[in-house]
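Worksheet: one structure, shown below.
When a residue number appears, it is its place in the shown sequence, counting from 1. Ligands are counted one by one from 1 in listed order, and the atoms in each one are counted from 1 as well. The structure displayed is predicted, hence computed values, not measured ones.
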Amino acid sequence: MAETAAEKIKKESKGLRGTLKESLLDEHTGQIRESDQLLIKFHGMYMQDDRDRREERAEKKLERLYSYMIRLRLPGGLLSAKQWMALHEVTDAYTTGVIKITTRQTVQLHGILKHSIKPTIKDFDTAKLDSIAACGDVNRNVVVSAHPRFSPIHEEVFSYAGKISALLLPKTNAYYEIWLDKEKISPDLEKDELYQDRYFPRKFKIAIAIPPYNDVDVFTNDIGIIAIIENNKLIGFNVSAGGGMGTTHGNAATYPRLATMLGFVAKDDLLKVVYEIATTQRDFGDRADRKFARLKYTVDRIGIDVFKKEVETRSGILFQAEKKYELTIRNDEFGWHKNHEGLFYYTVFVETGRVYDGEKVQFKKAFYEIAKTGKAQFRFTCNQNIIISDIKPEDKNEIEAILQQYGVANVTQSASPVRRDAVACVALNTCPLALAEAQRYLPSLIDKIEIILGNYNLNNEAVSVRMTGCPNGCGRPFAAEIGFVGTALGRYNLLLGGDRLGKRLNKLYKENIDEPEILSNLDTLLKDFSINKNLSESFGDYVLRKKIV
Ligand code: SRM
Ligand code: SF4
């Protein structure tokens, strides 16, 4: 079968350079050339337009209001105080003003005009931040359980996020040449054994979980790695492959999938095995149809045993039987906690990951003030929240006072369990693929779900609710107890029966329903649940036991 147009663009891109330099210089349009729209993703950016203003612009016969979204590469999601200040200042100078924490432990900034891209990247570079490979057919941001330095093992495992990110980073110098005006280096020096000139068939994602935490939703990744700790020592990792969420409405051949366990490897063998899983996907992945190009389809097409054997042959490492582990927590642990070294950290609830200054809460002011003290670091979680971390006991009161002053502590303490654990993707107005609202709508739907829960004495139920504006699954809705997947403006598929820990997918319950239907369905289900649930049974487990889906 013929390869896709994307394959041709990658091969002819001269190391992801394409005509990006020329596109940037064209002052007649806010757009960049079509082929560059694919290539710019490999540099961590997307061309978008304000969908709220499409009609108005069309009436005025103006081109769409084009701008760019940038996503940082931040393995493990850690920012120093200085880097937070740089992020804040870049946000205010060039973007919509909102810092969006993503479901992969990093941030996105929206609304950057074409002429502001280079200054944005330059400022990030000064702060030792980059957006290389944050998007595109490459390995994306490597995520790792966020709870900071909970034990000495956390630090050791955390370091693997950086190592894997570096191992799988494209070798091309294009980012530095195009955005930072650095010297062109000899093509020989940028020979890329891993990506060659074709890169991966599709995006590629890796997560590392540190039991008992599964805040990274490890099984939804192309490679899901679980740290195995025995007698307080990291001995190695269980490695799984073939997770992914994206589906297409009406195409039954597409499906969400949880990764399949391959087995255990010693810690010194992890990088080799990860590398060869990646090369196997590079060589066996479908390059004729992007819908089926993710590793999950490769694994199912060639069979897990063949896939595993191929990785073993390439790496020279045999997978051992998987080791025992237990994942018991997926949500973030809000408020103050102390780690093994006596340092404090505070997990802030940031609804749908939007860091902004509003009437009730001023996240940006608070975090900027905290960063200015230089007495804390910032860690993002895959649940779109933020951990103010590594605070010495003598500095705790000062940080607490800032969190109080700007309403941050209050927002965190007063939110209900269902709200605190809910996740929504970006969707409208920037996502070109959105069919329905998500982050702009979920908070008001949660208000109504809270009332239903309250009516049945379920206020303390931390039911996991996730919403996305389309079936691509950016908020991992298929791994929630209650998943909403947008089908059209104001309409969603309702999926039920996933578990709270990310070990079981949910199933379609009702198709294409609007808010009144959503609420009446939930009312009936939650009422029955409150009457018939077993002691400490979760809603997802109840739905399954009662064969509701
Ligand atoms: Fe995503 C595409 C936002 C995590 C599956 N995702 C997009 C784009 C870039 C739309 C586009 O292609 O033009 C969205 C940009 C919206 C905007 O305006 O900002 C977008 N994805 C996001 C974020 C920001 C959602 C959020 O609100 O946090 C997340 C950024 C993560 C990051 O920092 O790297 C985000 N996307 C995910 C996840 C969750 C995860 O990785 O843990 C998934 C499901 C897991 C997976 O990959 O299978 C996900 N995004 C997709 C897909 C479907 C991929 C597929 O296999 O079919 C697309 C569409 C595509 O690739 O064609 C997509
Ligand atoms: Fe956009 Fe769909 Fe991803 Fe939401 S799930 S951000 S609507 S691509």
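Although no hydrogens or angles enter the test, the distance criterion places a donor-acceptor pair under 3.5 Å between the side chain of Asp222 and the main chain of Lys205. Put simply, the side chain of Thr468 never gets that close to the backbone of Cys425: no donor and acceptor are under 3.5 Å apart.
In summary, the atoms of ligand 2 found under 4.0 Å from a heavy atom of Gly473, numbered by their order in the structure, are 5 (S).
The shortest side-chain heavy-atom distance between Thr430 and Arg51 does not fall under the 4.5 Å cut-off. Residues Asn506 and Ile482 are not in side-chain contact: their nearest non-hydrogen atoms beyond the backbone lie 4.5 Å or more apart.
Proximity of Asn141 to ligand 1 is not established, as no heavy-atom distance is less than 4.0 Å. At least one heavy atom of Ala424 sits closer than 4.0 Å to an atom of ligand 1. Using a 4.0 angstrom heavy-atom cutoff, Gly473 counts as in contact with ligand 1. Note on ligand 1: Arg140 sits outside its first shell, no heavy atom being nearer than 4.0 Å. Using a 4.0 Å cutoff on heavy atoms, Lys100 counts as a contact of ligand 1.
Cation-pi check for Arg257 over Tyr255 is not met; the charged atom does not lie both under 6.0 angstrom from the ring centroid and within 45 degrees of its normal.
Ligand 1 has no nitrogen or oxygen under 3.5 angstrom from a nitrogen or oxygen of Lys296. Ligand 1 has no nitrogen or oxygen under 3.5 angstrom from a nitrogen or oxygen of Thr220. Some N or O of Thr102 is nearer than 3.5 Å to an N or O of ligand 1, by distance alone.
For atom 4 (Fe) of ligand 2, the nearest protein heavy atom (residue, atom name, distance) is Cys425 SG, 2.3 Å. The protein non-hydrogen atom at the shortest distance from atom 3 (Fe) of ligand 2 is Cys474 SG, 2.3 Å. Protein heavy atom closest to atom 2 (Fe) of ligand 2, with residue, atom name and distance, is Cys470 SG, 2.2 Å.
Ionic pairing of Arg419 and Glu351 is present here: one or more N-O contacts between side-chain nitrogen and carboxylate oxygen are shorter than 4.0 angstrom.
Counting only non-hydrogen atoms, the option in Arg294, Gln439, Lys203 that gets closest to atom 46 (C) of ligand 1 is Arg294. If you check each of His110, Gln105, Arg73, Met69 against atom 15 (C) of ligand 1, the one with the closest non-hydrogen atom is Met69.
Between His147 and Tyr213, the two ring planes are parallel [angle under 30°; tilted spans 30° to 60°].
Of all heavy-atom pairs spanning Ser13 and Leu39, the tightest one is CB-CD2, 3.6 Å. Closest heavy-atom contact between Arg198 and Glu7: O-OE1, 4.0 Å. Closest of all the heavy-atom pairs between Gln384 and Val423 is OE1-CG1, 3.5 Å.
No part of Arg290 comes within 4.0 Å of ligand 1, judged by heavy-atom distances. Here Pro432 has side-chain heavy atoms under 4.0 Å from ligand 1, and that is the only part of it that gets that close. Counting heavy atoms under 4.0 Å from ligand 1, residue Arg476 touches it through the side chain alone. Heavy atoms from both the backbone and the side chain of Ala434 come within less than 4.0 Å of ligand 2. The part of Gln384 lying near ligand 1 is the side chain, judged by heavy-atom distances below 4.0 Å. Under 4.0 angstrom from ligand 1, the non-hydrogen atoms of Thr103 come from both its backbone and its side chain. In Val426, the parts holding a heavy atom less than 4.0 Å from any atom of ligand 1 are both the side chain and the backbone. Residue Lys291 does not touch ligand 1, judged by heavy-atom distances below 4.0 Å.
Between Phe124 and Tyr94, the ring centre distance reaches or exceeds 6.0 Å. Close placement of the Phe237 and Tyr160 rings is indicated, their centers lying within 6.0 Å of each other. Aromatic pair Phe200/Tyr195: ring centres closer than 6.0 Å.
Within the 2.8 Å limit, Cys431 places no N, O or S atom next to atom 4 (Fe) of ligand 2.
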Quiz prompt | Worked verdict on Asp137 versus Arg290 for salt bridge (Lys or Arg N to Asp or Glu O under 4.0 Å) | solution = CA-CA 10 Å; Asp137 296 344; Arg290 288 180 70 77; 2.9 Å; yes
